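A quick write-up on the structure given underneath.
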Amino acid sequence: MGALQLMETQVAAAIGPQSSGIVHMISYVANELHVPLLSFTATDPTLSSLQYPYFLRTTQNDYFQMNAITDFISYSGWRQVIAIYIDDEYGRNGVSVLSDALAKNAPRSLTKLRSHPVQIPPP
């Protein structure tokens with residue numbers, strides 16, 4: 001039995017795509033088959049319920065997280081901010097939203113320090 005046939009007949013919900021990119025791809029299939037797609041970690045704000053009505057996010061998207069951080073930065077009166085982020089889908093999206101939020105709310109000096117994902121070898 002193929003994956004699509006399995007999803008059509010025997011799947012009640014799909015749980016766990018860990019990246020927003022994978023959620024984007026799988027959401028098209030989930031929408032066509034009317035199968036809920038649940039993710040604990042996808043934070044991309046473009047994953048909206050209007051475009052993907054069967055997608056359920058259990059975490060706040062980058063927009064809300066970074067605006068909360070921007071509010072804290074403003075409240076603290078900080079003028080210079082250094083954002084250290086991992087050079088992957090989550091890090092790039094998050095720091096981009098943070099940069100936009102800081103620019104919109106008040107001029108701030110934002111320095112972006114990119115780090116590469118670290119592969120931890122198995123024990």
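Note: hydrogens, waters and symmetry copies are ignored here, and every other heavy atom, side chains too, is used. Numbers here are sequence positions counted from 1. As the structure is a computational prediction, the values presented were derived from the model and not from experiment.
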- So with a 6.0 Å cut-off around CZ of Arg114, is the heavy-atom count from everything else above 12? no
Is it the case that one hydrophobic cluster holds both Ile26 and Tyr28, taking links as side-chain heavy atoms less than 4.5 Å apart, direct or via other members? yes
Between the CD1 atom in Ile69 and the OG atom in Ser76, the distance rounded to the nearest 0.5 Å is 11.5 Å
Side-chain heavy atoms under 4.5 angstrom apart, residues restricted to Ile, Leu, Val, Met, Phe, Trp, Tyr: same cluster for Phe55 and Ile15? no
Hydrophobic cluster membership, Met66 vs Tyr63, 4.5 Å side-chain cutoff: no
The single option from Asp62, Asp44, Leu102, Thr70 that satisfies side-chain contact (heavy atoms from CB on, under 4.5 Å) with Val97 is Asp62
Judged by atom type as modelled, is there a donor-acceptor pair below 3.5 Å linking the side chain of Arg57 to the main-chain atoms of Pro45? no
Between Asn61 and Thr43, is there a side-chain donor-acceptor contact under 3.5 Å, judged purely by atom types and distance? no
| task | Take Thr46 and Gln51 through the test side-chain contact (heavy atoms from CB on, under 4.5 Å) and record every step on the way to the result. | result | CA-CA 9 Å; Thr46 65; Gln51 185 176 5; 5.6 Å; no
**Request:** Please check if the side chain of Ser96 supplies one atom and the backbone of Arg92 the other of a donor-acceptor pair under 3.5 Å.
**Result:** no
message = Tell me if a side-chain donor or acceptor on Ser39 pairs with a main-chain N or O of Thr41 at a distance below 3.5 Å.
response = yes
query = Passes side-chain contact (heavy atoms from CB on, under 4.5 Å), Thr59 versus Gln65? Steps please.
reply = CA-CA 10 Å; Thr59 188; Gln65 290 183 44; 4.1 Å; yes
*asked:* Counting only heavy atoms not in Tyr85 (residues, nucleotides, ligands), do more than 12 fall under 6.0 Å from its OH?
replied: yes
- Val23-Tyr54 co-clustered via ILVMFWY side chain contacts under 4.5 Å: no
- Kindly indicate whether the side chain of Leu56, heavy atoms from C-beta on, has any atom under 4.5 Å from the side chain of Leu37. no
